[in-house]
Structure formats: C-alpha cells, structure tokens
Amino acid sequence: MNNEKAPTLKDVTPRSQDYSQWYLDVVLKAELADYGPVKGCMVIRPYGYAIWEAIQAELDRRIKATGAVNAYFPLFIPKSFLEKEKEHVEGFSPECAWVTIGGGEQLEEPLAIRPTSEAMICSMYAKWVNSWRDLPVLINQWCNVVRWEKVTRPFLRTTEFLWQEGHTLHATETEAEERTVMMLDLYRAFVEEMLAVPVVHGPKSEREKFAGAKTTYAIEALMGDGKALQAGTSHNLGQQFGKAYGIEFLDQNMQRTVPWSTSWGMTTRLIGAAVMTHGDDSGLILPPRVAPIQVVIVPIPPRKGDWSVEILPKAREILATLRAAGIRAHLDDRDTQQPGYKYADWEMRGVPVRLEIGPKDVEKQQVVLVRRDNRAKSFVPMPGLVPAASALLTSLQGDLLLRARRFTEENTTRVASYDEFKSRMADKRGFLVADWCRDGACEAAIKDETKATVRVIPQEGEAVPGTCVRCGRPSPRPAYFAQAY
RNA sequence: CGGGAUGUAGCGCAGCCUGGUAGCGCACCUGCUUGGGGUGCAGGUGGUCGGAGGUUCAAAUCCUCUCAUCCCGACCA
C-alpha cells in the first residue's frame, strides 16, 4: 500500500524542477561529498565513501575472479615516458597536471601526475616480460588520477577521482580482444546487479575512443534528464603501447613479438550514476547492495514515560539481530529529533528500508517496515523480521533496476529521419537509435546540429544495414546517439 | 576557455543603489515541553561581510585585480 504523499524536502530542489540543482543538493545534503579548497577537487565524506567501499569490495572480488591481481604503480610519470605514445600524449596533455619543483629546486624533468597509468605500467612491463611464458600479464590497480577539467561536477567529473585501472598483456590479438570484451561484460553485469543501473554497451566511434586505443568499448547509462553517462570503458590497445614502450617477448617459434595489451576502468563516477538514476524529489534512493545503511531503525517514544524502559532496549535487540544476519543496520537513537524529522532525514539520505518500532508494535510483537522507493508500509511479526527485511531489500534492489530499465526503454527511440532526430534531441533527448555512415565528419556535424554524439554501437543481434540518418550513405548497423555528460 | 549570475554566521537570505562600526529565518547550545510524517516556548553562542589592493576621516557598501561556485556554450572517466 502506498501511504502519505511524499513530503517535499524543504531544503532539496525538486528533481522535476531543476535536475542539475537537485543533483548538487542531494550530493551535498546527504553528505556524500563536499567541495574542497581546490577547484574540481571534492572531499568524499564518510557516507559517500562507504558507497565507494561497497563498490570496491565487490568489483575487486569480481576482477580477481578473472585471474587479475592488484599492484600499485607510482603517482608521478616522467614527461619523457608519457610522450612515447604519440596519440596518447596528444589526447592527455591538455588535461595533465605537472610537478616542476621538488625539494625547493626545479626538477630536471617535469613529472606528470598520472591522468592514467598506461605510460608507467607499460614501461614496467617492458622490464618484466621476456618470454611467452610470462604472458598473460593481468594487473589491476586501485588509485587516484588527476585530469585538469574545465567543467567539474561532484562525482560526475572531478579534477581528481578514484578508480581502478586494469592493464593486461597477451600473446595474441584474439586473446586481447577477448579480454577487452570480457571486462566490458563484467562491468555491465556489475553496474546492473550492484547499482541497479541498466546500460547499453558496445564499441565507441573513432572520435570518442580512448587516446591511443585500437578499439574502445563502453557501457552507457541514461540519466533522468535524458543525457547519457559513460559508466565504464574497456580498451583494446592493440600493439600500439607495446611498441611505444618497447615490450617484447620471445614466442614459441622463437620470434620476437610485441604483445597485445588492454586496459579497462571504472571510477567514482558510478556513485553519481546511481544517485541520478534512482533519486526522487525527497532525495537519494540507494540500491541496497551498495547502501551504507540498508535498514534504519527509528524508535517511537511512548506517549508518556521513558523510551529507554521498553522501546530502546527492543530497538537495540533488533539492531543486533539484523547485524547478526549480515544486514547493515543503524539505530537512530537521537532523542533530540522527532520521528517525523528522522523519516525525512533518512529518506533524503536514501536508506532503502526504514524500520519503525513503537509502543503499539512492542505490544503486538511486530515492527513496521517502510520501503524508500514507494513508501509501502508492512507490519512484520518480530520472529520473521530477518527474512522479511532481507526479502524487502532484495525486491527493492530488483525493482530499482526494473524501473530504471523501463525508463531507459521508454526514452530510447528508433529514428529514421534526421528531422525526427533533431526534434527529438531538442525535446526529450534520451537515446536515439539511428543509422550512421561511420564518417567522422558526419558525426561531428550531428554533434554541431543536435549536441548528440555516438555513445556506443551495439553489436549483438543481426546487423541490419540501413542508410545514414543524416547523409543517406550506407550504414552497416545503427548506433546509439545521446547528449552526454 | 568564452558569455551570464552569485559570494555577508554551518545553511538560506536582507543590508550595498544613497559609505557611519552587521541583521533575519533555520541549524547549533541550555532548560522545559512534545513524540506513529519536519513539536512548542523561553533564553543563549556564533560573522576581520570570498581574498588582495585602492579611494575615503570612515568601506559589507565605491573602484581595480584575483579566487571559488552555479548556469549556458567549445574539450573530457
């Protein structure tokens, strides 16, 4: 049952009114992050960092399950290292931060603060790899990187951000391509299962690919305002980096061979993706699997007398029971706030399930459970609490994905004419599925005229050739277009 | 990096035009009260007015520069 109407948080801009202001409001007021003293550098506060930790824990587990291991490489990259791969340096130099002074003295060679670690890691690989027996190399790193961005937004685009970057070397081109696609699929599954964010996936256009890559694959999610957000990338780097950094191995035929490499990463941007995908006018809605608090217990004091006599002990007992069952629970025992205030407060923070325990419930040996997404209320007998709470969390997780998927589908449109493309992009935006000739000039013109870019070119299913929505030349299969974050 | 806006207490704002030693609401602290959707009352704490320089007897207020944030455009996880 759906109870009271959503009380609008008086301090959060309604999502329907101003999406981007709403986003900033909830990120700040739910205490996920705060602005630091340097432009584009945010502080990730404990509540936001706990989400990142949940993401890290599971993503790390899944990455290791593919055979990769973790390592750590230096933050500083000598200028000459970065310059070895031409396309790569051209792509990244505009957003590089440089250290030129150390210990009070001018450095002989400037050091880049890593914008990504291909240069550093490949240089080390050149020392470590000699034989086909050394392959594959499958290393992942969790770290921070810095990219000097002009326009920044908390989590979505910050000057410094946290991520994982995997870097692999393979003896064959096929194996590298398999790895690239495998990691993309791992990312897709992770984002859908953990963050309940549905994505489209496939290779990028030439124009949108990673600097120096042969092919870039990406997952892209559609946000509530109809703009697409790149949520993860996996690059097939071919032999480019191997050649540039002098990596060679002796293969089984005693031939000196340059290995094929890949790299793949996901970032703290995922937190922004989850916020934008699921939130509502009352604030955040966190997917249970990454929510720092899955169940918040709000004790209701008796009309007369002391809540510490009966209510609080019961609430503590419930807290212990839930925690023992592996549910991340929190007891809000602040006696300075009213229950109603606490409801609004925890809703704003996106806690998936609220548990109310008051005099009436103690009497009836029950608790009240309320879902964050639709505020549906259920009365649960105390003995069945753990299974009921678990089931509620599970179904909420599933429903969030379904709801987001429905939204994405409803805002994905197959367009046949450029007029339709333009009017649609000027109006509701969303994903537009359109045939495209693969010509970069045409792509650039589309961006000029509609602000939309090629997000991915999905490969599954039969290729149905068509004609380019803009110029009419042949198109092997349609691409997904959207305005991007 | 261009165009626009903003910056005064933790948050939201007034004061600036017309210079004269800083105010309101919320939050916070104390006490009582209240408690199943943001209780109420009373009393209190807190600000070198984003920063630097200038004009002036005197600057939150006028001038210059600078930094940050937001919005709109060109480049990017």
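Within every chain, numbering begins at 1; the chains are lettered A, B, ... in the order of the sequence lines, protein sequences first and strands thereafter. Computed over heavy atoms, backbone and side chain alike; hydrogens, waters and symmetry mates excluded.
- Side-chain proximity of A:Lys360 to the nucleotides B:C70, B:G36, B:G38 is greatest for B:G36.
- Across the P atoms, B:C24 and B:U69 are found 32 Å apart, a figure rounded to whole Å.
- Atom CG in A:Asp18 sits about 13 Å away from atom C1' in B:C72, given to the nearest Å.
- Rounded to an integer number of Å, the gap from CZ of A:Arg354 to P of B:G36 is 12 Å.
- Taking side-chain N and O atoms only, A:Gln338 has a distance below 4.0 Å to OP1 or OP2 of B:U39.
- Under the 3.5 Å distance criterion, with hydrogens and angles disregarded, no donor-acceptor pair is assigned to the side chains of A:Glu118 and A:Tyr245.
- Checking A:Thr215, A:Thr168, A:Thr180 one by one against A:Thr262, the side-chain hydrogen bond (donor to acceptor under 3.5 Å, both in side chains) holds for a single residue, A:Thr168.
- Regarding A:Lys304, its NZ atom lies at a distance of 17 Å from the C1' atom of B:U39, rounded to whole Å.
- Using a 4.0 Å heavy-atom distance criterion, A:Pro94 is classed as making no nucleic acid contact.
- To the nearest angstrom, C1' of B:U39 lies 14 Å from NZ of A:Lys342.
- Between A:Trp148 atom CH2 and B:C76 atom P the separation is 18 Å, expressed in whole Å.
- The side chain of A:Tyr35 places an N or O atom within less than 4.0 Å of a non-bridging phosphate oxygen (OP1 or OP2) of B:C70.
- A straight line from CZ of A:Arg334 to P of B:U34 spans 21 Å, rounded to a whole angstrom.
- Distance noted for atom P between B:U21 and B:A59: 12 Å (whole Å).
- Of the nucleotides present, B:G44 is the one that pairs with B:C28 by Watson-Crick or G-U wobble criteria, both distances under 3.5 Å.
- When heavy atoms are screened at a 4.0 angstrom cut-off, A:Gly358 is found touching base atoms of the nucleic acid.
- Summary of the strand contacts: A:Gly40 and A:Val151 both lie near RNA chain B, and taking for each the nucleotide with the nearest heavy atom, the more 5' one is attributed to A:Gly40.
- Separating the C1' atom of B:U66 from that of B:G25 is a span of 33 Å, rounded to the nearest Å.
- A:Glu165 and A:Ser117 are linked by a side-chain donor-acceptor pair at a separation below 3.5 angstrom, with hydrogens and angles left out of the test.
- Of the C1' atoms belonging to B:G36 and B:G50, the separation is 45 Å, rounded to the nearest Å.
- Base pairing annotation: B:G23 forms a Watson-Crick or G-U wobble pair with B:C13, both donor-acceptor distances under 3.5 Å.
- Here B:C1 is the nucleotide among B:C1, B:C71, B:G36 with the atom lying nearest to any side-chain atom of A:Lys150.
- When heavy atoms are screened at a 4.0 angstrom cut-off, A:Gln230 is found touching the sugar-phosphate backbone but no base atom.
- For A:Glu95, the listed nucleotide lying nearest its side chain is B:C76; candidates were B:C76, B:A77, B:G36.
- Separating the P atom of B:G10 from that of B:G47 is a span of 8 Å, rounded to the nearest Å.
- Heavy-atom distances to RNA chain B give each of A:Thr233 and A:Ile300 a nearest nucleotide, and the one nearer the 5′ end belongs to A:Ile300.
- OP1 or OP2 of B:C28 lies within a sub-4.0 Å distance of a side-chain N or O belonging to A:Gln337.
- Here the C1' atom of nucleotide B:A68 and the NZ atom of A:Lys39 are 9 Å apart, to the nearest Å.
- Where stacking is scored as ring centres under 5.5 Å apart with planes under 30°, A:Phe161 registers as stacked on the base of B:A77.
- The closest side-chain donor-acceptor pair between A:His235 and A:Thr216 falls under 3.5 angstrom.
- Side-chain contact annotation: A:Arg455 with A:Thr453, donor-acceptor N/O pair under 3.5 Å present.
- When the P atom is compared between B:G44 and B:G37, the two are found 34 Å apart, to the nearest whole Å.
- Nucleotide B:A5 is matched to B:U69 when pairs are restricted to Watson-Crick or G-U wobble geometry with both distances under 3.5 angstrom.
- For A:Lys451 and B:G73, the shortest distance from a side-chain N or O to OP1 or OP2 is below 4.0 Å.
- Ring planes of A:Phe210 and A:His88: tilted class, angle from 30 to 60°.
- Note on A:Val38: nothing from the nucleic acid sits closer than 4.0 angstrom, heavy atoms only.
- Using a 4.0 Å heavy-atom distance criterion, A:Pro339 is classed as a sugar-phosphate-only contact.
- Side chains of A:Arg179 and A:Asn236: a donor-acceptor N/O pair is absent below 3.5 angstrom, by distance only.
- Here, B:C63 and B:G19 have their P atoms 12 Å apart, quoted to the whole Å.
- Not one side-chain nitrogen or oxygen of A:Arg147 sits closer than 4.0 Å to the OP1 or OP2 atom of B:C76.
- Comparing B:A52 with B:C16, their P atoms are spaced 24 Å from each other, to the whole Å.
- For an aromatic pair to be called close, the ring centres must be under 6.0 Å apart, and A:Phe421 with A:Phe481 satisfies this.
- Atoms CZ (A:Arg303) and C1' (B:G36) sit 8 Å apart, rounded to a whole Å.
- Counting distance only, with no hydrogens placed and no angle test, the side-chain atoms of A:Asp361 and the base atoms of B:G36 include a donor-acceptor pair under 3.5 Å.
- For B:A77, neither phosphate oxygen OP1 nor OP2 lies less than 4.0 angstrom from any side-chain nitrogen or oxygen of A:Thr268.
- Looking at heavy-atom distances under 4.0 Å, A:Leu24 makes contact with sugar-phosphate atoms alone, never a base.
- Among the atoms of the strands shown, base atoms are found under 4.0 Å from some heavy atom of A:Thr158.
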